[in-house]
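The figures here come from the full heavy-atom set of this structure, side chains too, leaving out hydrogens, waters and symmetry mates. Numbering of ligands and ligand atoms starts at 1, following listing order.
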Amino acid sequence: MASVLVAYATTYGSTREVAEAIAATLGEHGLDVDVRAAGEVDDVSGYAAVVLGGALYFFRWHKDARRFLDRHRGALVATPVAVFAMGPFNDTGDELDGARKQLDRALARQRWLTPVSIAIFGGRFDPTVLRFPHSNPAMKKMPPSDIRDWTAIRTWADTLPAALGLAGPATDG
Ligand SMILES: Cc1cc2nc3c(=O)[nH]c(=O)nc-3n(C[C@H](O)[C@H](O)[C@H](O)COP(=O)(O)O)c2cc1C
């Protein structure tokens, strides 16, 4: 059974929950899946494919996602990689486009990497849990929101086995 790593870079946990939903969908496709915090992964060489997701903070992809690519470049050059970023508080075209540009800037620094698939998902914002350096009065006054679209997340995950080259042979049912 092909094994896949779903690695996530999170500060407040919403990206981990998305990573877990993606992993569950990949499992339904018959793949053997590990879900791990990107910062805690020492070795990716045993995986047939990697899905890497990270939240966006202050117009940048989470540092644990960026460092993951730096650290594991040697193994990942020969491994199919799909990426996603989480961020927008509103699922308007403008916010999603802005988030995509933020992710593209991070990916442009990794010229060796050609992701097989890229996705942007809306994020979750909870002003009550913010810690330094996010816990400023203006942020604390913003309303909570959670626009994670679980259908869109699972729909994207359903495309990954084929995109990662891990789809099993077609059966007649
Ligand atoms: C201080 C702060 C800065 C943020 N900056 C951005 C940003 O620049 N772009 C964006 O799309 N989302 C931004 N977000 C939204 C987060 O990416 C979103 O809340 C995400 O779901 C958080 O993921 P996490 O719970 O895994 O840490 C920001 C959120 C906070 C709290």
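- Listed by number with element, the atoms of ligand 1 under 4.0 angstrom from any heavy atom of His134 are 1 (C).
- Scanning all protein heavy atoms for the shortest distance to atom 8 (O) of ligand 1 gives Phe59 N, 2.6 Å.
- In terms of protein heavy-atom proximity, atom 25 (O) of ligand 1 is closest to Ser14 OG, 2.6 Å.
- In this structure, Lys140 places its NZ atom where more than 12 heavy-atom neighbours from other residues, nucleotides or ligands lie under 6.0 Å away.
- The two residues Thr79 and Ala48 have their closest heavy-atom pair at CG2-O, 3.8 Å.
- Atom 5 (N) of ligand 1 has Phe58 N, 3.0 Å as its closest protein atom, hydrogens excluded (heavy atom only).
- Taking atom 19 (O) of ligand 1 as the reference point, the nearest protein heavy-atom neighbour is Arg124 O, 2.6 Å.
- Close approach to Pro88 involves these atoms of ligand 1, each under 4.0 Å from a residue heavy atom: 11 (O).
- Heavy-atom contacts of Gly123 reach the following atoms of ligand 1: 21 (O) (cutoff under 4.0 Å).
- Nearest-heavy-atom check against atom 14 (N) of ligand 1 across Leu56, Ile147, Val129 picks out Leu56.
- Not a single heavy atom of Tyr8 sits less than 4.0 Å from an atom of ligand 1.
- Atom CZ of Arg60 has 12 or fewer heavy atoms from other residues, nucleotides or ligands within 6.0 Å.
- Under 4.0 Å is where a charged nitrogen must lie from a carboxylate oxygen, and between Asp70 and Arg66 no such pair does.
- In this structure, of Phe125, Tyr12, Tyr57, the residue bringing a heavy atom nearest to atom 22 (C) of ligand 1 is Tyr57.
- Side-chain N or O atoms of Trp61 include one that pairs as donor or acceptor with a backbone N or O of Gly54 at under 3.5 Å.
- Contacts between Met139 and ligand 1, counted as non-hydrogen atom pairs separated by less than 4.0 Å, involve the side chain only.
- Remark: the backbone N or O of Ser14 is paired with a side-chain donor or acceptor of Arg148 at under 3.5 angstrom.
- Using a 3.5 Å distance cut-off with no hydrogens or angles, the side chains of Thr92 and Asp94 do not pair a donor with an acceptor.
- Each of the atoms 17 (O), 21 (O) of ligand 1 lies under 4.0 Å from some heavy atom of Met86.
- Below 4.0 Å from some heavy atom of Leu130 lie the following atoms of ligand 1, by number and element: 31 (C).
- Close contacts between ligand 1 and Thr11 involve ligand atoms 24 (P), 26 (O), 27 (O) [criterion: under 4.0 Å to a heavy atom].
- For ligand 1, the atoms closer than 4.0 angstrom to any heavy atom of Thr10 are 24 (P), 25 (O), 26 (O), 27 (O).
- When non-hydrogen atoms are compared, ligand 1 lies under 4.0 Å from the side chain of Gln102 (C-beta onward) but not from its backbone.
- Contact record, Asp91 with Ile147: N-CD1, 3.5 Å, taken as the closest heavy-atom pair.
- The aromatic rings of Tyr57 and His62 sit perpendicular to each other, their planes meeting at more than 60°, with 30° as the lower class boundary.
- Tested against Val6, the residues Asp34, Leu26, Leu160, Val50 include a single side-chain contact (heavy atoms from CB on, under 4.5 Å) partner, Leu26.
- The shortest contact between atom 12 (N) of ligand 1 and any protein heavy atom is with Gly87 CA, 3.3 Å.
- A donor-acceptor pair is defined here as one N or O able to donate and one able to accept, closer than 3.5 Å; such a pair exists between the side chain of Glu95 and the backbone of Phe89.
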